[in-house]
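Excluded from the calculations below are hydrogen atoms, water molecules and symmetry mates; all remaining heavy atoms, backbone and side chain alike, are included.
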Amino acid sequence: MAGLLSSEVDGVRAMLSNGVVRRGALAVWDLFCWTLGAVFVIGLRYSFRITDVQWEAVLRYLVLSWLLILLIGTATKFYRGRFLVGSFDEALGLALHFLAVGAVTVVTAPFLNPTLPRSLPVLVPPMALVAAAAGRWFYRALRDRGQESRLRSGRPVLIYGAGDAGRQVLRLARADRNLALRVVGFLDDNPGKRHLRIHGVPVVGTGTSLREVAEALDVSVVVLAIPNASGSLVDRVQRDASAAGLEVYVLPRLGDLADGRVKPVDIRRVEISDVLGRRQIETDLSSIAGYLSGKRVLITGAGGSIGAELARQVHRFGPASLSLLDRDESALHAVQLAIYGHGLLDSPETVLADIRDIESLRLVFAEARPDIVFHAAALKHLPMLERFPAEGWKTNVLGTLNLLQLSAEFGVERFVNISTDKAADATSVLGSTKRLAEQLTAWQAESTGLPYMSVRFGNVLGSRGSMLHTFNAQIAGGGPVTVTHPDVTRYFMTIPEACELVVQAGAIGDGGAVMVLEMGEPVRILDVARRMISLSGANGVDIVFSGLRHGEKLHEVLFSDDEEACATAHPMIRAVSVPPIDPIELSDLTAWRETRG
């Protein structure tokens, strides 16, 4: 019996797979339902006892109704693929469609068809609507049953999260054969959902019962369908699933989902950034839009990890122009492709220049006339700058000074300098040069009276050349993974989180202030290395300790000993003041080296 039903379902689906046939079938079905509604009303209301004249009037009414159904349906594209058959959108469209036909027939009946029984044009539309909707519901039930039967060979999966994202994952699993997943149940921590069934799939437990439910249902995969899940929740689910021998997949943050919709490519394995990041960030969109929308924005270092993400986020707020400056043409190609969908490099938004060259920068400022500058260009690798301090001086100090001077010269309204936690109690060339950049920014803010500020934060996960890239490469090569010290700790934040707060800090920061992002608790690097090895599934990868390098701290800090943090309008941003330094005091590299001792 089941095989016969399955073959019938496949036959119906094959017949309706052709677009023209499907739309024609829907139109014919609606005409039939309207006729059936008229017959039902005549039988119920008049027991079919109407005169020959009235029967003629009924026929004229039906012919007019049929024409209106087809004409209005064609004009509104209702029968031209406007809605997915059996969807809620189509149900609303069907109701409006029949309402329009019914309204026309009610209004015209006294003039065009005066012998028609009065109750007929009033009662037929709702009767026809019920029948037409029921047929569509039956078709959808057959379609869903057919999808389930085709996916019975897929791997059984639990979806953790019975919200909108979980429903989308269920629909994807049923519609996309390439996923090869068969959803057997939902998990949700909301006790109000314990008896809920979503498209026939029940909620079978909570997160705490993951292992027991997985064993009872013979599940091999769990999908965490909570886009804004905290890092601690991702970590707990991953650990529980690992102990039960399950694979874990997650969704990106809600802000990273295109239009808030889940696509097959969004379902991916857990990464270390999911565990360490995913903070809930409250963004005041009105304040951001107020200072970015319609403005000319320049981003330096736009080809880097931070600069590229800044560019992507700023672009969302509709600036009048967005100039992407970098000295790496390949990086500019990549960021233009990511934001604009092409990498032609022939339009004004891409600017090839070096911030060390003030004359080239002057031409850029003269053409772009920026209102706002985000300065993300920098040399950042601590060991390299310890070997070549002059290069750090030229880029991080003199390059920043060039930008500040030109910003004042061309009337830039707001300047945001991207700094680092290594500028607090600096012990390295990187930290010292970035500290000087903060002080120069404070001096220019004092000189101009404008909101020129710095934003300080710690390590960002997944940035180009970061520790995570190094660990991934070492794990892929079979190890060993190199950690400097067993007790070394660092602050971590994901690139989108950091950039979202940078943009927010730019809206609320005062002139000369250093806005310090809340980074959470510092994380031990040894623990990160162990978790990455575990997530990779690699066996026998050793960890070795290389020792702290010159200028490197065991524990980073976000504030210097003499800095006092003040609260701001945003709960994840604090502010400190730094003593401004006049560029005259930085006459040459020798003087700077002397200040470093």
Side-chain angles (χ1 to χ4, degrees), residues 227 251-263 265-266 268 273 277 281 283 285 287-355 361 364-365 367-378 380 403 412-418 455 457 460-466 469 493-507:
L251 302 181
R253 295 193 320 156
L254 189 60
D256 297 329
L257 292 174
D259 300 324
R261 311 306 297 174
V262 179
K263 299 180 178 61
V265 294
D266 294 324
R268 56 170 176 78
S273 58
I281 297 176
T283 304
L285 296 179
S287 67
I288 292 177
Y291 90 96
L292 288 178
S293 298
K295 297 292 186 178
R296 297 182 297 273
V297 181
L298 170 67
I299 299 178
T300 73
S305 304
I306 295 295
E309 178 62 20
L310 269 176
R312 188 184 72 84
Q313 294 196 17
V314 169
H315 182 258
R316 291 166 41 203
F317 293 98
S321 66
L322 179 58
S323 301
L324 310 173
L325 185 149
D326 205 289
R327 66 178 183 179
D328 185 339
E329 58 180 346
S330 297
L332 284 175
H333 176 272
V335 69
Q336 185 184 42
L337 184 63
I339 295 177
Y340 297 100
H342 68 84
L344 300 177
L345 299 177
D346 59 353
S347 48
E349 66 260 11
T350 52
V351 181
L352 187 64
D354 193 328
I355 63 172
L361 284 180
V364 173
F365 272 73
E367 181 177 352
R369 294 285 173 176
D371 301 310
I372 301 166
V373 173
F374 287 95
H375 173 37
K380 64 177 185 178
L403 289 164
V412 169
E413 301 171 2
R414 193 175 296 263
F415 185 97
V416 182
N417 168 50
I418 308 300
V455 180
F457 52 90
V460 287
L461 295 164
S463 63
R464 191 167 61 181
S466 69
H469 285 191
M493 180 175 281
T494 66
I495 295 173
E497 290 167 350
C499 291
E500 194 169 335
L501 287 175
V502 166
V503 174
Q504 180 73 73

**Study point:** Smallest separation among heavy atoms of His333 and Gly343, with atom names
**Key:**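 Residues His333 and Gly343, closest heavy atoms: CD2-O, 3.0 Å.
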
Check your understanding: So, does Thr350 use its side chain to make a donor-acceptor pair with the main chain of Leu324 at under 3.5 Å?
Key ->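 No, because the side chain of Thr350 does not come within donor-acceptor range (under 3.5 Å) of the backbone of Leu324.
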
Exercise for review: Determine the minimum heavy-atom distance between Gly294 and Ala320, stating which atoms define it.
Suggested key: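 Residues Gly294 and Ala320, closest heavy atoms: O-CB, 3.4 Å.
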
Check your understanding: Taking only residues two or more places apart in sequence, or in another chain, which ones meet Ser347 in a side-chain hydrogen bond (donor to acceptor under 3.5 Å, both in side chains)?
Key ->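 Scan of Ser347 (side-chain hydrogen bond (donor to acceptor under 3.5 Å, both in side chains), adjacent residues dropped) gives Gln336, Glu349.
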
Review point. What distance separates Ile339 CD1 from Arg312 CZ, expressed to the nearest 0.5 Å?
Key: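 The distance works out to 8.5 Å.
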
Practice item. Report yes if some heavy atom in the side chain of Tyr340 is under 4.5 Å from a heavy atom in the side chain of His315; otherwise report no. Key: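 Tyr340 vs His315: side chains touch.
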
**Study point:** Separation between CG of Leu403 and CZ of Phe365, rounded to the nearest 0.5 Å
**Key:**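 If we round to the nearest 0.5 Å, Leu403:CG and Phe365:CZ are 5.5 Å apart.
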
Review point. Stepwise, does the side-chain contact (heavy atoms from CB on, under 4.5 Å) test hold for Ile418 with Phe457?
Key: CA-CA 8 Å; Ile418 308 300; Phe457 52 90; 3.8 Å; yes

Practice item. Write down the atom of Asp328, the atom of Ser330, and the distance for their closest heavy-atom approach. Key: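 Here Asp328 and Ser330 meet closest at OD1-N, 3.0 Å.
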
**Study point:** Residue pair Ile299 / Gly307: nearest heavy atoms and the distance that separates them
**Key:**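 Residues Ile299 and Gly307, closest heavy atoms: CG2-O, 4.0 Å.
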
**Study point:** Heavy-atom closest contact (Pro319 atom, Val297 atom, distance)
**Key:**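 Of all heavy-atom pairs spanning Pro319 and Val297, the closest is CB-CG2, 3.9 Å.
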
Check your understanding: When Val314 is tested against each of Ile288, Leu322, Val502 for side chain to side chain contact (heavy atoms under 4.5 Å, CB included), which residue passes?
Key ->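 For Val314, the side chain to side chain contact (heavy atoms under 4.5 Å, CB included) check succeeds only for Leu322.
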
Practice item. Run the numbers on Glu309 and Gln313 for side-chain hydrogen bond (donor to acceptor under 3.5 Å, both in side chains), then give the verdict. Key: CA-CA 6 Å; Glu309 178 62 20; Gln313 294 196 17; 2.9 Å; yes

Practice item. Evaluate the criterion side-chain contact (heavy atoms from CB on, under 4.5 Å) for residue pair Leu298 and Val412; output intermediate values, then yes/no. Key: CA-CA 10 Å; Leu298 170 67; Val412 169; over 6 Å; no

Check your understanding: Just how far is it from atom CG of Asp354 to atom CG of Asp326, taken to the nearest 0.5 Å?
Key ->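 Reported value, rounded in 0.5 Å steps: 9.5 Å.
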
Exercise for review: Taking the side chain as every heavy atom from C-beta outward, state whether Val455 and Phe374 have any pair of such atoms under 4.5 Å apart.
Suggested key: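 No. Closest side-chain heavy atoms not under 4.5 Å.
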
**Study point:** Donor-acceptor contact below 3.5 Å, side chain Arg414 vs main chain Gly506
**Key:**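 Flag set: sc Arg414 to bb Gly506 pair under 3.5 Å.
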
**Study point:** Listed partners of Glu367 passing side-chain hydrogen bond (donor to acceptor under 3.5 Å, both in side chains), at least two apart
**Key:**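 Not a single residue meets the side-chain hydrogen bond (donor to acceptor under 3.5 Å, both in side chains) criterion with Glu367.
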
Exercise for review: To the nearest 0.5 angstrom, please state how far the CG atom of Leu332 sits from the CG atom of Leu352.
Suggested key: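 Between Leu332 CG and Leu352 CG, I get 6.5 Å after rounding to 0.5 Å.
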
**Study point:** Check: Ile355 and Leu325 side chains under 4.5 Å, non-hydrogen atoms
**Key:**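 Touching, per the 4.5 Å side-chain cut-off.
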
Review point. For the residue pair Val351 and Ser323, what are the closest heavy atoms and their distance?
Key: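 So the minimum-distance heavy-atom pair works out to CG2-CB, 4.4 Å.
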
Review point. For the atom pair OG1 (Thr494) and CD (Glu500), what is the distance rounded to the nearest 0.5 Å?
Key: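 These two atoms lie 9.0 Å from each other.
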
**Study point:** Value rounded to 0.5 Å, distance of CG in Leu337 from CG in Leu344
**Key:**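 Nearest 0.5 Å value for the CG-CG distance: 9.5 Å.
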
